[in-house]
*Asks:* 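Below you'll find the structure I mean.
Quantities reported herein were computed from a predicted structural model and do not represent experimental measurements. Letters A, B, ... mirror the listed sequences (proteins, then strands); counts begin at 1.
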Amino acid sequence: MSWVRVAAARLRGLFERKRLERELEDEVRFHLEMQMEDNLKAGMSPAEARYAALRSFGAVEAMKEIYRERRTVAVIETTVQDLRYAWRTLGRNPGFTATTVSVLALAIGVNTAMFAVLNAVLFRPLPYRSPEQLVMLWTEDPARNLREGRTAYWNVEQWRSQCRSFSAVAFFDSASATLTTADRAEKVSVLRASPDLFPLLGIQPLYGRVFTAEEAEQRQRVALISHRFWQSHFGGSLDAIGASIQLDGASSRIVGILPPDYLFGNEDVWEPYTMHPDWESVRRARGAGFWAVMGRLRRNVTVQQAQAEMNAIARRLDVQLPLAQRNRDIRVVPLSHHVIGPQQRRALWMLAGAIFLVFLTAAINVAGLSLARSVTRAREIAIRAALGASRTRIVRQLVAESLTLAVLAGLLGMLVAHAGIRLIVAVKPGNLARLNEVGLDLPTLGCAVAFCLLTGFLIGLTPAVTMARQDPGAAGREGGRGIAGGAATLRTRRVLVAAEFALATILLTGAGLLVRSLLSVQSVNLGFRPERVLSVSLAPPASLAPAQRAAFYTTVLKEVESIPGVESTGITSELFLSSSSTQIVIPEGDTQRVFERRQFRSDEVSTRLFNTIGTPLLRGRFFSDSDGPNSPPVAIINESMAQQMWPGRDPVGKRFKVGSVDPANPWFTVVGVVGDMRRQGLEQEPIPQMFQPIAQNPPRRAILLVRTSAADPLSIAGAVQAAVRRVDKHAPVYGVNTLENQLDVFLAERRFQTWLLIGFAVAAMLIAAIGIYGLIRYSIAMRTHEIGIRMAVGAQSGAIFRMIVGEGMKLSLTGLVLGLVGALWLGHAGSSLLFGVTPTDPLTLITVSLSLTAVGVAACCFPARRAMKVEPIVALRHE
Amino acid sequence: MKRGHTDKADVLQGTLILLILRTLAALGPMHGYGIARRIEQISRDVLQLNQGTLYPALLRMEQEGWISSRWGTSENNRKAKFYAITAAGRRQLAKETDDWRRMSSIIERFLTIDPTLAKEEA
């Protein structure tokens, strides 16, 4: 294979260029000298001998060129030359290079970090076996705004036996339980699951085994523990298997340890579904229920096909369901869409899009810069062209320069990306699932390389194409006159600057709309006053009977109220709601109608809860101590419920039942109406709610709310915990926080997005300002002569100023208009991310337009003022 | 490179390579100038070789592995690069010599046979 040998020799040639070049030189010199000596011997004069030697040798340099070409791989060598030259050129312009590289490094880095998040959170498959086959099966009723509804055991069993689309169907429910150890009690989260959930997900226990269907059926108290729980409670010791833990007062035996990967919501303990405290009644229930259902699609079955089958099953089951439970849909949702919901997806895409726009703005700006620079280099390029460099070679040289820039920026960008990723993981914006999986992995690195190349071409191609189109002779002449340039490049730069303004407009509009949304969310009427309120979670020991629980709460309230600095205190079974539930509510005297399920929430509260959190009483009265376990059941309802159930009438004194007209269900008498509270987060409309007195239905767990006179409610947290311990030392006290902090969590995601977008928008605006400033300065420099003449023939400096600023305004306004069109279009797509404001919000659009115009004018003013001061004589001499 | 085989310069170079190989095989290691002189002498100065073209040819032959080179001292005590034929070079020489003979005999026949006569024979 001779070509292999030749290729190898040539490749070697690449690395020994210097030595080989010297040897060639020596060899040629030796040859010529020998020839000269022979010629001298033959009797020629020295001059003649030398000339004859050269003549018989032929063109020395041409031969060397052929020799060099053959010695190595020409493409590589010229590329190396291009890069070396590019490196030197960039080194000679440290200002330009530093600016460009840092701007691009930032842009590439931030984009890479964002891609890493997108990749981990959205693109990368979930860590389960064939995750694309996994779906959630929800009971839904869109008409009544019931989404992601859970299902009763009976229904799940029916689905299982009737459906053909799934190879397996499993179900689970998460709950919390009190774990008691020798010295303390604490809350742990528990996942109650059907045993087939493990094979369905493809999860193998790290050690031990999963529980079996028999164990579940026989209600044996067995449990698996999470890797984290294993580490924290057993120090990673294998003694854990077979050990017992006390959950809600009963002993469970650990049979296995789960792997450390991401699994659902990070539950600590997994136990059989039959561990549900009211299993017998849960087993009998039909319709809505406790269970989240997961299915694995059979091979080659699509989500649509499964959905169609489940639709049919839902209709078939209707006849076997109580009237109120009929006409529900079964919604098939891919698991990946469940883990990261549509709203989070949209938010992520919005941020990614915004970052990409900033990146584009930066790249466009650098393209403008290098275009400007290439013009000042027109002379150099003209000379190179005149010396015979082909256009391709010149373009390649320019591309090599921009690639060098891009690679430098890319390397630095990697550092930025690394730091960015660490920052994002540390900040944990919006409690994204799977964020711990974010890292600089292979796809992310690939993305960074792609950004790098894209940058290189974006910033190199524009000047290269513009230059290549130019007539080198003309460039040479122009270059000779000191005003470098070509109108061609100026035109291109105008387009680039207008594009920068358009992008900045889009980003600013988005940021403006988000700011308006954030302000609306922050000023939303909560329905309660969260200032100076401490929130503590309580769980009385599971062994207590209902009456004892009620007594426990009453004593705790008394103890806490006696703490100095406590103004008032109350208990509610739950304050903030994370899931929606529906119920049937039947008003008295209307029993013939078929009742609809509606979104509904029922809670138990202590007598002074509403005073404590500052929720106003609209009608009737609050609970009192006389609303005891033996007096008739009473209820306080919220305004929404009052309006839905008794529109236009006074609900106080009315009676209603919850669930069914079953005589066993008690009638609740409405004694009061309170204002609506935003309990499902700040952005959700309140749903109908009722409250019962604690004494009549003491909850298993509760939230203790304490209004203090201290500025920082946390300062009395220790005293409150001590007070609860005095009542029962086995009752865990957890989730100690202020109400304001808890509300802040609701805002965190939106605030994070808003600040991020503001940052991007400001960055883009600055870049656009720098772009227009540079362009105007440059255009003035080009027109100094013209300005000088204009002034010499009597133009007022004001007119010159207006002319220059007008030129800049034309560009920024063009960009602004284009950007507004884009912003309206994008705003429409992203309107679900807004709150209390529409994409066409005039205030935002006007503010954005005015501020961008102001920025544009300001950026033009500085160079324009300089232009005004041009002395005609200096300008003319400038020629 | 492929394209190069069909153009004129390369045909000439092919001949040049044969001459160089033959020279080195007959006279042992020589420097570039010596090879050039020798070729001119043998051809009795009829073949006026552009001496410069020798070096790219030598480079290529060395890359092909037909010759090897090392730096040594010339007859007048100067540093010079000496080329020597390798075993592969000898095989190449035999092959090229055969090719050349075959080719020249074909050409010879073409030149001796009267083309009009050949046409009638056919």
Side-chain angles (χ1 to χ4, degrees), chain A residues 1-17 19-42 49-77, chain B residues 1-5 7 9-10 12-13 16-17 30-41 43 45 47-83 86 88-89 91-92 95-96:
Chain A
M1 287 274 112
S2 88
W3 66 267
V4 176
R5 248 198 324 269
V6 175
R10 284 185 171 211
L11 277 178
R12 259 201 317 281
L14 278 180
F15 300 103
E16 300 179 294
R17 212 169 61 95
R19 184 175 66 81
L20 293 175
E21 190 65 23
R22 208 173 48 235
E23 286 186 9
L24 174 64
E25 195 68 35
D26 289 349
E27 201 170 11
V28 170
R29 198 183 325 112
F30 169 77
H31 184 114
L32 291 174
E33 282 169 7
M34 291 293 283
Q35 181 77 65
M36 257 170 73
E37 270 174 39
D38 283 352
N39 289 351
L40 283 173
K41 275 181 209 149
R50 190 177 148 68
Y51 182 66
L54 282 171
R55 196 178 45 204
S56 64
F57 193 87
V60 176
E61 288 307 313
M63 184 284 280
K64 280 188 182 169
E65 209 38 54
I66 297 171
Y67 191 95
R68 285 184 197 120
E69 186 113 324
R70 185 165 288 174
R71 189 174 58 200
T72 66
V73 191
V75 182
I76 297 183
E77 198 166 83
Chain B
M1 277 187 55
K2 234 175 194 156
R3 189 170 47 90
H5 283 292
D7 75 29
D10 245 38
L12 251 172
Q13 198 164 49
L16 182 59
I17 284 171
M30 294 179 83
H31 49 66
Y33 179 68
I35 299 172
R37 289 297 306 148
R38 175 73 185 162
I39 291 173
E40 282 169 6
Q41 279 167 18
S43 69
D45 289 337
L47 203 62
Q48 192 68 49
L49 152 96
N50 214 348
Q51 291 173 355
T53 58
L54 195 64
Y55 290 95
L58 285 169
L59 175 67
R60 183 178 155 208
M61 291 164 71
E62 192 174 356
Q63 285 174 344
E64 295 276 5
W66 299 332
I67 58 173
S68 63
S69 71
R70 61 176 179 81
W71 286 87
T73 316
S74 70
E75 53 277 17
N76 56 357
N77 247 347
R78 279 190 146 127
K79 217 178 94 177
K81 199 173 186 182
F82 282 84
Y83 296 92
T86 63
R91 282 195 297 277
Q92 184 67 18
K95 185 175 161 289
E96 293 213 3

*Asks:* Heavy-atom distances under 4.5 Å only: say whether A/E23 touches chain B with side chain, backbone, both or neither.
*Replies:*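 When you check distances to chain B, atoms from both the backbone and side chain of A/E23 fall under 4.5 Å.
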*Asks:* Supply the atom-to-atom distance B/K81 NZ to A/D26 CG, rounded to the nearest 0.5 angstrom.
*Replies:*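 Answer for the NZ-CG pair, B/K81 versus A/D26, is 9.5 Å.
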*Asks:* Rounded to the nearest 0.5 Å, what separates atom CG in A/L32 from atom OH in B/Y33?
*Replies:*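 These two atoms lie 10.0 Å from each other.
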*Asks:* With rounding to the nearest 0.5 Å, note down the distance linking CG in B/L58 to OH in A/Y67.
*Replies:*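 If we round to the nearest 0.5 Å, B/L58:CG and A/Y67:OH are 7.5 Å apart.
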*Asks:* Quick one: what part of B/Q92 sits under 4.5 Å from any heavy atom of chain A, side chain, backbone, both or neither?
*Replies:*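 Answer is neither: B/Q92 stays 4.5 Å or more from chain A.
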*Asks:* Side chains of A/F57 and B/Y55, heavy atoms from C-beta outward: is any pair under 4.5 Å?
*Replies:*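 Contact flag for A/F57/B/Y55 side chains = yes.
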*Asks:* Would you say CZ of A/R50 has more than 12 non-hydrogen atoms from neighbouring residues, nucleotides or ligands within 6.0 angstrom?
*Replies:*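 Atom CZ in A/R50 is not crowded, with 12 or fewer foreign heavy atoms closer than 6.0 Å.
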*Asks:* Output the distance between atom CG (B/N76) and atom CZ (A/F30), rounded to the nearest 0.5 Å.
*Replies:*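 Output value for this atom pair is 6.0 Å.
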*Asks:* Below 4.0 angstrom, N of the basic side chain to O of the carboxylate: do B/K79 and A/E27 qualify?
*Replies:*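 Judged by the 4.0 Å cut-off on N to carboxylate O distance, B/K79 and A/E27 do not form a salt bridge.
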*Asks:* Any idea which heavy atoms bring B/G32 and A/H31 closest together, and the distance?
*Replies:*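 Minimum heavy-atom separation between B/G32 and A/H31: C-ND1, 4.2 Å.
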*Asks:* How far does CZ of B/R37 sit from CE of A/M34, to the nearest 0.5 angstrom?
*Replies:*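 If we round to the nearest 0.5 Å, B/R37:CZ and A/M34:CE are 10.0 Å apart.
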